[in-house]
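For reference, the structure is listed below as structure tokens.
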Number of protein chains: 2
Amino acid sequence: MSDTTATDGRVIGERALQTRRRILETTAALLREQGALDLKVMDVAREVGASPATFYQYFADVEDAIFALSVEMIEKVAPIHAQMAADWNEGASGLDHARRLVSEYTDFWDVNGAVLRIMLLRADERDERFRQIRRDYNAPFMTAMVAKVRAAQDSGRLTTALDAEATAGAMLAALDRLPNYREGFEKRGTSREAMIETVARLLYSSLTGEPFG
Amino acid sequence: MSDTTATDGRVIGERALQTRRRILETTAALLREQGALDLKVMDVAREVGASPATFYQYFADVEDAIFALSVEMIEKVAPIHAQMAADWNEGASGLDHARRLVSEYTDFWDVNGAVLRIMLLRADERDERFRQIRRDYNAPFMTAMVAKVRAAQDSGRLTTALDAEATAGAMLAALDRLPNYREGFEKRGTSREAMIETVARLLYSSLTGEPFG
DNA sequence: TCGTCTATCTGACGGATTGTCAGAACTGAA
DNA sequence: TTCAGTTCTGACAATCCGTCAGATAGACGA
């Protein structure tokens with residue numbers, strides 16, 4: 001069922017699993033170093049120290065390997081989902097919880113950005129396979145945030161002029177894009193902490209209706 | 001100076017200019033259809049009806065052509081900058097102006113998204129060439145938004161706990177990513193208008209300190 | 001009209017990458 | 001050690017890359 005298979009469909013054993021993993025790690029590393037546009041199967045194979053034929057035994061092409069890495073993002077991000085769900089249910093100081101969420105998610109981007117960027121790109125480019133993964137990856141964030149917005153709206157603290165989905169989406173957009181602007185920010189005097197504080201406050205206010213101050 | 005040159009550096013004439021343009025338009029079209037990851041020089045050349053050698057006369061590779069398209073985005077987006085600057089200086093009903101900005105920028109993304117996505121991707125991947133273009137492309141938005149935030153903070157309407165650059169960046173993030181989520185939104189009942197209204201209100205409130213309601 | 005000059009384009013090439021086999025090498029069990 | 005199943009790879013045809021030298025086309029003067 002969830003057994004890993006080779007491109008010919010057969011279930012693979014321990015040795016093959018390790019090879020597959022080395023290919024994935026190498027793909028991720030090269031992705032970080034040189035980006036996706038000119039990442040070749042040959043580059044990965046050379047770096048792994050294997051024949052290109054070995055690569056093709058596990059993945060159809062480089063994009064397919066990045067797809068596998070994207071799938072793994074879903075479980076890698078799960079602890080952040082869990083933390084968020086736990087925090088937000090107990091209902092205590094929301095702003096601190098928002099700070100923690102933004103901080104942890106920014107760290108997550110710093111580590112996994114290279115893969116996440118291609119996942120989002122291919123989903124944006126209408127690839128259905130990646131769209132499904134993007135949905136699964138985003139869903140817990142979206143669900144939690146939409147619920148927050150609806151709750152705030154139901155209790156009258158937040159205007160219903162805001163669409164709950166769109167509000168959550170906008171906050172997710174900030175979470176996903178701001179790590180990519182951090183270097184530029186820092187060059188102009190906006191520290192990582194200031195960025196996190198700002199996004200946390202925007203997030204908190206947009207989801208609860210509390211004023212920014 | 002701003003004359004267009006071939007890869008060997010010579011300034012090109014009228015006929016060559018048309019060839020170059022056909023290559024660029026074809027690249028943009030194929031980018032929309034099949035995305036960037038497996039867009040080959042051969043694909044473009046075939047579609048243009050020219051030899052690959054002709055392509056290489058004007059661009060080093062596909063990415064280089066996308067770079068040229070990215071450069072063109074700067075002047076293509078200028079009218080939206082201008083409209084925004086004009087609107088925001090006269091100081092009248094800010095929310096309506098925000099609506100117009102979001103609406104027009106969403107349309108801009110619908111037309112030019114394929115190129116914008118790669119511009120942002122390559123900049124995110126630390127390519128200095130694309131980073132420069134991204135800066136130039138974003139600068140007018142950022143400058144105007146940062147000024148708005150600072151003004152609101154100076155007059156005491158907005159908390160200084162928000163960093164001006166980060167706030168502007170977060171709003172830009174929403175503008176840049178939400179068009180990519182629109183199809184998903186619409187499938188779940190959030191119309192284009194609702195999305196625009198929401199982003200406009202978030203933008204307006206974050207830049208002015210006015211409450212969401 | 002014709003020939004010439006120059007800008008532009010391309011056929012053809014060596015080299016690299018892609019993707020696919022059949023079979024070689026490895027592994028663990030008997 | 002032998003054997004059977006698993007995993008890996010050399011070798012190949014097909015395609016793509018990137019670069020020439022030379023072919024072609026358009027402008028212009030005679």
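In the text below, chain A, chain B and the rest are named by the order of the sequence lines, each starting its count at 1.
Ring planes of F59(B) and F55(B): tilted class, angle from 30 to 60°. In this pair, Y105(A) and Y137(A) present their aromatic rings tilted. The plane angle is within the 30 to 60° band.
Across the protein-nucleic acid pair, I12(B) atom CD1 and dG26(D) atom P stand 17 Å apart, rounded to whole Å. dC8(D) atom C1' lies 14 Å from atom CD of Q18(A), rounded to whole Å. As rounded to whole Å, 18 Å separates atom P of dC16(D) from atom CG of D38(A). As a whole-Å value, the separation of E14(A) CD from dA29(C) C1' is 17 Å. With rounding to whole Å, L17(B) atom CG is found 16 Å from dG26(D) atom C1'. Atom pair M42(B):CE and dT18(C):P shows a separation of 15 Å (rounding to whole Å applied). At whole-Å resolution of the value, CG in D64(A) and C1' in dG19(C) are 14 Å apart.
Taking the charged nitrogens against the carboxylate oxygens, D64(A) and R129(A) do have a contact shorter than 4.0 Å, which makes a salt bridge.
Between A16(B) and K40(B), the residue whose closest nucleotide on DNA chain C is further toward the 5' end is A16(B).
Near-neighbour residues of DNA chain C inside residues 46-62 of chain B, defined by a heavy atom below 4.0 Å, number-ordered: A50(B), S51(B), A53(B), T54(B), Q57(B), Y58(B).
Each end of the helix from dT1(C)-dA30(D) to dA30(C)-dT1(D) gets its own rotation axis from five pairs of C1' atoms, and the angle between them is 10° to the nearest 10 degrees.
Contact annotation: the side chain of M195(B) approaches that of T106(B) to within less than 4.5 Å [non-hydrogen atoms, C-beta and beyond]. The closest side-chain heavy-atom distance from F141(B) to L101(B) is below 4.5 Å.
Rounding to the nearest 0.5 Å gives a distance of 7.0 Å between OG1 of T167(B) and CD of Q153(B).
For T26(B) (side chain) and V48(B) (main-chain N/O), no donor-acceptor pair under 3.5 Å exists by modelled atom type.
Remark: R10(B) is in phosphate contact with dT8(C), judged by side-chain N or O atoms under 4.0 Å from OP1 or OP2. For T19(A) and dC8(D), the shortest distance from a side-chain N or O to OP1 or OP2 is below 4.0 Å.
The number of heavy-atom neighbours closer than 6.0 Å to CZ of R126(B), taken from other residues, nucleotides and ligands shown, is 12 or below. Heavy-atom contacts from other residues, nucleotides or ligands closer than 6.0 Å to CD of E75(A) number 12 or fewer.
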